[in-house]
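Taking it in order: structure first as structure tokens, then the write-up.
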Amino acid sequence: MADNEENSETSSVSSLELSCYSSDFEVLNEHDLQPYQFEPELSDAEVEETPDRDDFSESLDRLMSTNWCQCANCAGMGSIRECRCCQEIPEMESLTVSTGVGCITDHPGFRSVCLDHYVLETCYHWYNQQYGRAIQDANERYRYVAYRMLVRWVWKWLGRDIRVTLPACAVARIREQFPSADGQYVGYRDPE
């Protein structure tokens with residue numbers, strides 16, 4: 001019985017090998033080979049979604065300068081995605097317009113929600129009780145909670161594993177208030 005199973009496996013393997021070598025794309029000699037000859041082509045929809053050269057240079061420009069900043073408080077960030085001004089985010093723009101300030105960091109609520117270490121310490125204790133994530137370094141703890149509080153203040157509630165990119169001006173101001181000892185920061189991360 002074992003020999004029959006082995007023979008059937010061998011015959012199916014050899015038939016697979018034969019089927020792999022039979023193809024509609026026969027190459028007569030090596031000079032007929034073309035690079036990317038058998039690669040799938042993009043559909044029209046995919047071609048439209050592909051960024052052109054101008055989009056790429058604009059994105060690279062965001063990383064190399066702060067010309068994109070509309071509030072005059074943004075700083076350079078570590079990725080193109082993080083190079084966003086508060087005025088480019090509709091929820092934050094409405095907050096700044098309603099109070100007549102040009103930047104979310106100048107809003108009266110920003111200081112008390114994101115920079116007051118007593119508020120952040122209290123929020124951290126609630127967060128630690130809920131999720132059990134202990135952060136030993138005080139400034140790292142304050143930065144972590146300040147980002148979460150900014151999201152809570154502006155967007156109210158997003159839901160589990162839903163993230164938003166925070167504006168560079170707010171991140172820079174929080175980092176200025178609670179600096180890292182070694183000057184290294186994590187930046188935006190997608191949910192794991």
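- A search for side chain to side chain contact (heavy atoms under 4.5 Å, CB included) contacts involving Ser94 returns nothing, not counting sequence neighbours.
- At a threshold of 4.5 Å between side-chain heavy atoms, the hydrophobic network of Ile, Leu, Val, Met, Phe, Trp and Tyr places Phe178 and Val151 in one connected group.
- Closest heavy-atom contact between Cys83 and Trp68: CB-CZ2, 3.5 Å.
- In terms of heavy atoms, Gln70 sits closest to Gln87 at OE1-CB, 3.3 Å.
- Rounding to the nearest 0.5 Å gives a distance of 10.5 Å between CE of Met77 and OG1 of Thr66.
- Minimum heavy-atom separation, Asp182 to Ser180: OD1-OG, 2.7 Å.
- Summarising the geometry, atom CG belonging to Asn128 is positioned 12.5 Å from atom SG belonging to Cys123; distances are rounded to the nearest 0.5 Å.
- Once rounded to the nearest 0.5 Å, the distance linking CZ of Arg143 with CG of Asp137 reads 6.5 Å.
- Pairs passing the ring pair (Phe, Tyr, Trp, His ring centres under 6.0 Å) check and including a residue from residues 80-108, sequence neighbours excluded, read His107-Trp153.
- Residues Tyr118 and Leu115 are members of separate hydrophobic clusters, defined by side-chain heavy-atom contacts under 4.5 angstrom among Ile, Leu, Val, Met, Phe, Trp and Tyr.
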Begin from the C-alpha positions of Asp106 and Asn73 and carry the test side-chain contact (heavy atoms from CB on, under 4.5 Å) through to its verdict. CA-CA 10 Å; Asp106 295 329; Asn73 291 322; 3.7 Å; yes
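- Looking at heavy atoms from C-beta onward, Cys114 lies out of side-chain contact with Gln177 at the 4.5 angstrom threshold.
- Contact annotation: the side chain of Ile135 never approaches that of Val145 to less than 4.5 Å [non-hydrogen atoms, C-beta and beyond].
- The ring-ring contact (aromatic ring centres under 6.0 Å, His included) check on Tyr124 picks up nothing, with sequence neighbours excluded.
- One hydrophobic cluster, built from ILVMFWY side chains closer than 4.5 Å, cannot hold both Val97 and Met92; they sit in different ones.
- Counting only heavy atoms from C-beta outward, the side chains of Ile104 and Cys169 approach each other to under 4.5 Å.
- Note that CZ of Arg111 and OG1 of Thr105 are 11.0 Å apart. Values are rounded to the nearest 0.5 Å.
- Across all non-hydrogen atoms, the minimal contact from Leu150 to Ala170 is CD2-CB, 3.6 Å.
- The salt bridge (Lys or Arg N to Asp or Glu O under 4.0 Å) check on Glu82 picks up nothing, with sequence neighbours excluded.
- The shortest non-hydrogen separation linking Ile80 to Leu63 is N-CD1, 3.8 Å.
- Hydrophobic clustering, with ILVMFWY side chains joined whenever heavy atoms are under 4.5 angstrom apart, keeps Val101 apart from Val113.
- Side-chain polar atoms of Gln129 and His125 form no donor-acceptor pair below 3.5 angstrom.
- Applying the salt bridge (charged side-chain N to carboxylate O under 4.0 Å, His left out) rule to pairs touching residues 165-181 yields Arg173-Glu176, sequence neighbours excluded.
- Contact check for Phe110 versus Cys103: no side-chain heavy atoms found under the 4.5 Å cut-off.
- Residue pairs meeting the salt bridge (charged side-chain N to carboxylate O under 4.0 Å, His left out) criterion with at least one member in residues 84-94, sequence neighbours excluded: Arg62-Glu88.
- Put simply, Tyr185 and Ile174 are part of two different groups of oily side chains (I, L, V, M, F, W, Y) that touch within less than 4.5 Å, one to the next.
- Across all their heavy atoms, Cys86 and Gly102 have their closest contact at SG-O, 4.4 Å.
- Annotation: the span from Asn139 atom CG to Leu120 atom CG amounts to 10.5 Å, rounded to 0.5 Å.
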